Amino acid sequence: MNQKAGAAWCSDIAGGVRLALQVTPNAKKSQIVGPLENVLKLRLQAQPIEGRANEALVRYLAELLDVPRSQVVITHGLANRRKIVEALGPSLKAEAVMRSLLALAQ
């Protein structure tokens with residue numbers, strides 16, 4: 001498991017990666033802000049009503065990581081800004097995922 005300082009938000013799990021995220025809904029557009037303490041900060045265009053922001057988060061991450069939506073699961077924090085998300089896919093490794101997501105940070 002990769003637990004370097006500042007990189008604790010992404011770690012390898014069996015078959016994929018686990019991401020620690022802080023989500024801000026109601027943004028002008030969905031985007032990655034960047035690392036903050038032990039989480040990766042994201043903005044989502046969706047509203048936090050009736051699970052819309054969670055749906056948008058799953059869709060957004062699936063698109064960024066190039067995996068089917070069914071392979072992205074919010075495991076903790078459904079009703080919270082801080083979430084733990086697991087993304088499954090044979091090609092997903094923490095180092096590569098961190099690099100690609102950080103490259104998209106605004």
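Keep in mind it's a predicted model, so treat the numbers as computed, not measured. Heavy atoms only: backbone and side chains are in, while hydrogens, waters and symmetry mates are out.
A donor-acceptor contact shorter than 3.5 Å links the side chain of N54 to the backbone of L78. Side chain of D12 to backbone of A94: a donor-acceptor contact under 3.5 angstrom is found.
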_Steps toward side chain to side chain contact (heavy atoms under 4.5 Å, CB included) verdict (V85, I74)_ = CA-CA 4 Å; V85 177; I74 300 170; 4.1 Å; yes
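A distance of 10.5 Å separates CZ in R99 from SG in C10, rounded to the nearest 0.5 Å.
Under the rule for a side-chain contact (heavy atoms from CB on, under 4.5 Å), the partners of P68 that lie at least two apart in sequence or sit in another chain are S70, Q71. For A87, the side-chain contact (heavy atoms from CB on, under 4.5 Å) test picks out V17, L65, V72, L92, with sequence neighbours left out. For V33, the side-chain contact (heavy atoms from CB on, under 4.5 Å) partners two or more places apart in sequence, or in a different chain, are K41, R43. Annotation: side-chain contact (heavy atoms from CB on, under 4.5 Å) contacts of K28 (sequence neighbours excluded): none.
Residues V58 and V73 fail the side-chain proximity criterion, which asks for heavy atoms closer than 4.5 Å. Looking at heavy atoms from C-beta onward, P25 lies out of side-chain contact with Q47 at the 4.5 angstrom threshold. Using a 4.5 Å cut-off on side-chain heavy atoms (C-beta onward), T24 and L42 make no contact. Two residues are said to be in side-chain contact when any heavy atoms from C-beta on lie closer than 4.5 Å; W9 and L101 meet this criterion. By the 4.5 Å heavy-atom criterion applied to side chains, V23 and Y60 are not counted as neighbours.
For residues 62-87, every residue pair satisfying the salt bridge (charged side-chain N to carboxylate O under 4.0 Å, His left out) rule, not counting sequence neighbours, is listed here: R18-E86, E37-R82. Within the structure, the salt bridge (charged side-chain N to carboxylate O under 4.0 Å, His left out) test picks out the following pairs touching residues 46-57 (sequence neighbours left out): E50-R52.
For G34 against A105, the heavy-atom pair with the smallest separation is CA-CB, 4.1 Å.
Both V67 and L61 are members of a single hydrophobic cluster when ILVMFWY side chains are connected at heavy-atom separations under 4.5 Å. When the side chains of ILVMFWY residues are joined at heavy-atom separations under 4.5 Å, either directly or via intervening members, L64 and L40 end up in a single hydrophobic cluster.
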